[in-house]
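Take a look at the structure below.
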Amino acid sequence: QVQLVESGGGLVQAGDSLKLSCAASGLTFSSYHVDWFRQAPGKERKFVGRISWGGSRITYTDSVKGRFTISSDNAKNTVYLQMNNLKPEDTAVYYCAVSQKALVTANHDYWGQGTQVTVSS
């Protein structure tokens with residue numbers, strides 16, 4: 001049974017950092033694109049970034065470039081989202097998801113349950 005479990009969310013102040021984790025069981029991350037999405041209250045879920053094939057390629061949405069870093073520990077089958085200089089507009093539920101499709105808009109195979117990140121001003 002495949003399971004993705006996010007952790008590391010919390011309540012922080014603007015300018016602080018958080019590191020989210022997405023741990024997988026039942027699949028191997030290095031065989032997938034692993035995407036981070038976020039969904040703010042009352043808004044659509046949006047793409048944050050992607051790490052592909054165990055780290056061979058990493059991409060970010062423009063709003064987080066220079067502040068967020070995605071990495072992976074293939075031995076632990078875990079992907080991380082390091083978020084620095086957090087802003088109130090980063091407040092959202094953050095999800096990880098896996099896909100073997102090139103388009104981030106394609107249906108993903110599995111999703112985590114999400115972890116709440118709240119940034120106060």
Might you point out which heavy atoms bring [X] and [Y] nearest each other, and give the distance in Å?
X	Y	result
Thr115	Gly9	OG1-N, 3.2 Å
Lys101	Ala106	CD-CB, 3.5 Å
Ser72	Gly54	OG-O, 3.3 Å

Check step by step if side-chain contact (heavy atoms from CB on, under 4.5 Å) holds for Ser52 and Tyr32. CA-CA 6 Å; Ser52 299; Tyr32 290 84; over 6 Å; no
Separation of [Y] [atom2] from [X] [atom1] (nearest 0.5 Å):
X	Y	atom1	atom2	answer
Gln13	Ser121	CD	OG	9.0 Å
Ile51	Cys96	CD1	SG	12.0 Å
Leu27	Gln3	CG	CD	10.5 Å

Between the main-chain N or O of [Y] and the side-chain N or O of [X], is there a donor-acceptor pair closer than 3.5 Å?
X	Y	answer
Asn77	Asn74	no
Thr91	Val119	yes
Gln100	Ser31	yes
Glu6	Gln113	yes

Show, in sequence, the C-alpha distance, side-chain angles and deciding distance for Met83 and Val117, and conclude whether the side-chain contact (heavy atoms from CB on, under 4.5 Å) test is met. CA-CA 10 Å; Met83 306 184 293; Val117 172; 3.8 Å; yes
Joint hydrophobic cluster, [X] plus [Y], side-chain heavy atoms closer than 4.5 Å:
X	Y	answer
Phe29	Tyr95	no
Ile58	Leu81	yes
Leu4	Val104	no

Just grab all the ring pair (Phe, Tyr, Trp, His ring centres under 6.0 Å) pairs involving residues 52-78, residues at least two apart or on different chains.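 For residues 52-78: His33-Trp53.
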Taking it one step at a time, do Val12 and Thr118 satisfy side-chain contact (heavy atoms from CB on, under 4.5 Å)? CA-CA 6 Å; Val12 296; Thr118 304; over 6 Å; no
I'd like to check the ring-ring contact (aromatic ring centres under 6.0 Å, His included) partners of Phe37; sequence neighbours left out, ordered by chain and number.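 With neighbours one apart ignored, the set is Phe47, His108, Trp111.
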Residue pair [X] / [Y], side-chain heavy-atom distance below 4.5 Å:
X	Y	answer
Gln82	Ser71	no
Tyr80	Leu20	no
Asp35	Val98	no
Asp90	Arg38	yes

With salt bridge (charged side-chain N to carboxylate O under 4.0 Å, His left out) as the criterion, how do Lys65 and Asp62 come out once you've worked through the C-alpha distance, each side chain's angles and the decisive distance to 0.1 Å? CA-CA 5 Å; Lys65 283 181 181 176; Asp62 286 346; 3.0 Å; yes
Candidate pair Arg50 and Arg57, rule side-chain contact (heavy atoms from CB on, under 4.5 Å), full reasoning: CA-CA 8 Å; Arg50 163 176 279 193; Arg57 183 176 181 182; over 6 Å; no
Looking only at side-chain N and O atoms, does Asp73 offer a donor or acceptor that is under 3.5 Å from a partner on Thr78?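 No, no side-chain donor-acceptor pair sits under 3.5 Å.
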